[in-house]
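Presented below is the structure to which this report refers.
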Amino acid sequence: MATGRFAPSPTGDLHLGNLRTALAAWLFARSSGGSFVLRMEDLDRLQSSPEREASQERDLAALGLDWDGEVVRQSERFDRYEAAIAELAARDLVYPCYCTRREIREAASAPHGPEVPDGAYPGTCRSLDPARRRELEAAGRPPALRLRAQVAELTVPDALLGSITAAVDDVVLRRNDGTPAYNLAVVVDDAAQGIEQVVRGDDLASSAPRQRHLADLLGLAPVAYAHVPLVLGPGGQRLAKRDGATTLADQAAAGRSAAEVCGLLAASLGQSPGGPARPGDLVTGFDSRRIPPEPWRPAAAVLAPTDPCDP
Ligand code: GLU
């Protein structure tokens, strides 16, 4: 029995990729007899809105997915994230970082700069000398807060990928605009909500080792991971709005019912031969070993904006 969750950011309509991941996460949890919770990752207040949240909830429900308890919103839990930062800070595991994105890019690509994996923080502010720190403070640059990571790399098991090995860098804990950072919020919330298995898109696979390390440092129970391959558009890029009928509303406009969409998603996950389906019908037969390891590229007809059979 494993408690699972779906944790979308309410920044737009869910597309087929999000819905497919939600279905997979729900099936993992429900087939184990576990609870399933919905968490809105609405830390980005400019992009998130109650309307977008409501539309996501409507689409999940229309697909036949249910969740236990109230929907949790990260925007209402800043005190928990701050408490975690304070706990780490008390152990000298937090430092202010004044770098801009551009400076991080430049430091990481400098010819004699530190060797850092793609996208990882090169550690510029980790041991800033006090004079330089005062200078930056005086210049009024608001700092982000970063974790002083204790390992450089970590491997975590994954139910679908086998294992994930990735760099553990000094992740941002609080952004320089005062907003708690995703990596911290996700770790704090997964533990607070008793999540045992995290099922999500494999674009986040390389974040799992960082998140595990953060959980370890906070003394939180580790979660198990299952990263689901993404859905790709016709160009081989991540599915995007321009690719056609990507949302449930688009699919409805193209003449496809929610049960038909669910059937398509289930088939793409290796859980049904196709044809209309409801999530509840798939629980008993669910077998995660049938989830294809490669990304799903929906057939052109699936993304066609209008039903070609319509007169
Ligand atoms: N909120 C993230 C997203 O929508 C997912 C985070 C997670 O599942 O850990 O991409």
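Excluded from the calculations below are hydrogen atoms, water molecules and symmetry mates; all remaining heavy atoms, backbone and side chain alike, are included. Since the model is a prediction, treat every value here as computed from it, not as a measurement. In each ligand, atom 1 is the first atom listed, and ligand 1 is the first ligand listed.
- Scanning all protein heavy atoms for the shortest distance to atom 6 (C) of ligand 1 gives Glu41 OE1, 3.2 Å.
- In this structure, Phe28 has its ring center no closer than 6.0 Å to that of Phe36.
- Heavy-atom proximity to Leu204, at under 4.0 Å, picks out these atoms of ligand 1: 5 (C), 6 (C), 7 (C).
- Classification of Glu135 and Arg132 as a salt-bridged pair holds, one side-chain N sitting under 4.0 Å from a carboxylate O.
- Between the side chain of Arg146 and the backbone N or O of Cys97 there is no donor-acceptor pair closer than 3.5 Å.
- Between the side chain of Arg212 and the backbone N or O of Val223, at least one donor-acceptor pair lies under 3.5 Å.
- By the 4.0 Å heavy-atom criterion, Arg5 is counted among the residues contacting ligand 1.
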Step-by-step salt bridge (Lys or Arg N to Asp or Glu O under 4.0 Å) determination, Glu41 to Arg200: CA-CA 13 Å; Glu41 302 211 323; Arg200 61 187 178 190; over 6 Å; no
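- Only the backbone of Pro8 comes within contact range of ligand 1, with a heavy atom under 4.0 Å; no side-chain atom does.
- For the pair Arg45 and Phe78, the cation-pi criterion (under 6.0 Å, within 45° of the ring axis) is fulfilled.
- Residue Tyr182 places a heavy atom less than 4.0 Å from ligand 1.
- Remark: minimum distance from atom 5 (C) of ligand 1 to any protein heavy atom is reached at Ala7 O, 3.4 Å.
- Counting the atoms of ligand 1 from 1 in the order shown, those under 4.0 Å from a heavy atom of Val186 are 9 (O).
- Under a 4.0 Å criterion applied to the non-hydrogen atoms of Ser9, ligand 1 contributes the atoms 1 (N), 2 (C), 3 (C), 4 (O).
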Verdict with supporting geometry, Asp287 and Gln271, side chain to side chain donor-acceptor pair (under 3.5 Å): CA-CA 7 Å; Asp287 182 351; Gln271 307 302 318; over 6 Å; no
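- Of all atoms in ligand 1, listed by their number and element, those nearer than 4.0 Å to a heavy atom of Arg200 are 7 (C), 8 (O), 9 (O).
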